[in-house]
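Chain letters run A, B, ... following the sequence lines, proteins first and then strands; every chain starts at 1.
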Amino acid sequence: MPELPEVETTRRGIAPHLTGRRVRAVVVREPRLRWPVPAALVEGLTGTRIEAVERRAKYLLLRTARGTALLHLGMSGSLRLLKADTPAGKHDHLDLVLDTGHCLRLTDPRRFGAALWCEGDGHDHALLSGLGPEPLSDAFDADHLHTAMHGRKLAVKALIMDAHVVVGVGNIYASESLFLAGIHPQRAAGRIGRARCERLVQAIKQVLTEAIAAGGTTLRDFVGGDGKPGYFAQELRVYGRTGEPCRACGTPIRQITTGQRSTYYCPRCQR
DNA sequence: CTTTGCACCTGTTGGC
DNA sequence: TGCCAACAGGTGCAAA
């Protein structure tokens with residue numbers, strides 16, 4: 001479910017309720033997430049004040065004086081703030097009980113998400129240290145993308161979804177960005193010129209910015225930190241619109257598979 | 001090093 | 001109406 005806009009929406013929803021609060025207890029109901037929830041997470045957070053809630057790629061970082069909790073929502077995860085005594089459902093795997101009488105609850109039916117702990121600020125963690133730039137930062141520009149694409153035979157869609165190149169571009173927004181840039185998703189990355197590279201960078205920034213402003217995309221079960229759904233779905237240009245008319249030219253949108261992921265594009269607008 | 005395909009897991013959907 | 005295969009927002013890792 002969550003791509004970068006959803007994670008950022010979640011961060012903005014929960015940060016005001018967590019920042020400066022102390023964690024009274026950590027309840028692990030199901031430790032079998034993508035990796036086992038480590039005892040160090042419980043030990044590190046319990047009794048500790050959360051100093052800041054940050055985001056790097058699709059990870060949420062809860063910063064404390066003792067170390068940093070890393071949370072990832074995988075495909076189906078969500079975080080909500082609830083009253084601490086709210087009964088837990090089947091997929092409510094983790095609670096951070098706060099000194100406010102509320103708790104931050106991680107729900108994740110497919111358990112592809114993660115809750116990890118690291119000493120330090122988290123950026124040195126093996127999962128984060130090799131990541132590419134944030135898509136909305138100045139570090140992600142045409143120079144960077146053009147260099148990353150040079151000599152690559154990989155489909156451009158797969159390349160922009162590679163977190164070593166740029167983080168936060170998931171399956172929905174990859175299709176959306178390529179439509180905006182007028183680039184065929186299966187074009188070899190190395191065969192895209194400088195000018196179209198610039199267009200693609202701008203398209204990615206635009207799509208992600210719009211989606212964050214709309215509070216993310218709701219497909220099935222996404223809810224932000226405040227429990228409200230996002231509204232970007234109604235603005236999707238190609239994703240999930242197989243056979244429906246292109247909003248620009250009316251040609252039916254096509255669906256193909258690229259790198260084992262569904263890909264949507266307009267055969268007329270994208271070359 | 002690059003590219004491909006799989007694995008993890010549960011719930012929903014669409015076609016017969 | 002009911003069943004079951006196909007598919008779903010991510011991403012690390014093994015194998016080619």
Determine the interatomic distance between P on dG12(C) and the same-named atom on dG11(B); round to the nearest Å. 25 Å
Assert: residue with more 5' nearest nucleotide on DNA chain C, out of H72(A) and R110(A), is R110(A)
Distance only, no hydrogens: is a donor on one side chain within 3.5 Å (strictly under) of an acceptor on the other, for T86(A) and R105(A)? no
Could you give the NZ-to-P distance, from K58(A) to dG10(C), as a whole number of Å? 4 Å
Would you kindly give the OH-to-C1' distance between Y59(A) and dT11(C), to the nearest whole Å? 7 Å
Could you give the distance separating dC9(B) and dC3(C) at their P atoms, to the nearest angstrom? 26 Å
Going by an N to O cut-off under 4.0 Å, is there a salt bridge joining R63(A) and E51(A)? no
Tell me whether the ring of F112(A) lies stacked over the dT11(C) base, given a 5.5 Å limit on centroids and a 30° limit on the plane angle. no
Using a cut-off of less than 4.0 Å, is there contact between a side-chain N or O of K90(A) and OP1 or OP2 of dT10(B)? no
Does H91(A) put a side-chain nitrogen or oxygen below 4.0 Å from OP1 or OP2 of dG11(B)? yes
To the nearest angstrom, how far is Y173(A) atom OH from dG10(C) atom P? 10 Å
Around atom CD of Q206(A), are there more than 12 heavy atoms from other residues, nucleotides or ligands closer than 6.0 Å? yes
OP1, OP2 of dG10(C) versus side-chain N and O of R261(A): anything below 4.0 Å? yes
Taking only the side-chain heavy atoms of L127(A) (C-beta and beyond), determine which of dG9(C), dT3(B), dG12(C) contains the nearest atom. dG12(C)
Once you round it to whole Å, what is the distance between C1' of dT3(B) and CD of Q186(A)? 15 Å
Is the count of non-hydrogen atoms from other residues, nucleotides or ligands lying under 6.0 Å from R254(A) atom CZ greater than 12? no
Please report, rounded to the nearest Å, how far the C1' atom of dG12(C) is from the CE atom of M161(A). 14 Å
Does the side chain of D95(A) reach to within under 4.5 Å of the side chain of L104(A), using non-hydrogen atoms? no
Looking across every strand, which nucleic acid part, if any, lies under 4.0 Å from R152(A) by heavy atom: base, sugar-phosphate, or nothing? sugar-phosphate
Could you tell me whether the phosphate oxygens of dT2(B), OP1 or OP2, come under 4.0 Å of any side-chain nitrogen or oxygen in K153(A)? no
Atom pair distance, as rounded to whole Å: CE in M149(A) and P in dT2(B): 15 Å
For the pair made of NZ in K157(A) and P in dT11(C), what is the distance, rounded to whole Å? 13 Å
Taking everything shown except R194(A) itself, do over 12 heavy atoms lie less than 6.0 Å from its CZ? yes
Quick one: the dot-bracket string of DNA chain C, using Watson-Crick and G-U wobble pairs with both distances under 3.5 Å, [ ] for crossing pairs and | for bases paired to another strand. .|||||||.|||||||
Neighbour count >12 (heavy atoms, 6.0 Å) for atom CG, D138(A): no
Think S76(A) has a side-chain N or O under 4.0 angstrom from the OP1 or OP2 of dA8(C)? no
Could you state the atom-to-atom distance from CZ of R32(A) to C1' of dC9(B) in whole Å? 10 Å
For residues S129(A) and D124(A), is any side-chain donor paired with an opposing acceptor at under 3.5 Å? no
Presence of donor-acceptor pair under 3.5 Å, side chain of R34(A) and base of dT11(C): yes
Determine the interatomic distance between P on dT12(B) and the same-named atom on dT11(C); round to the nearest Å. 23 Å
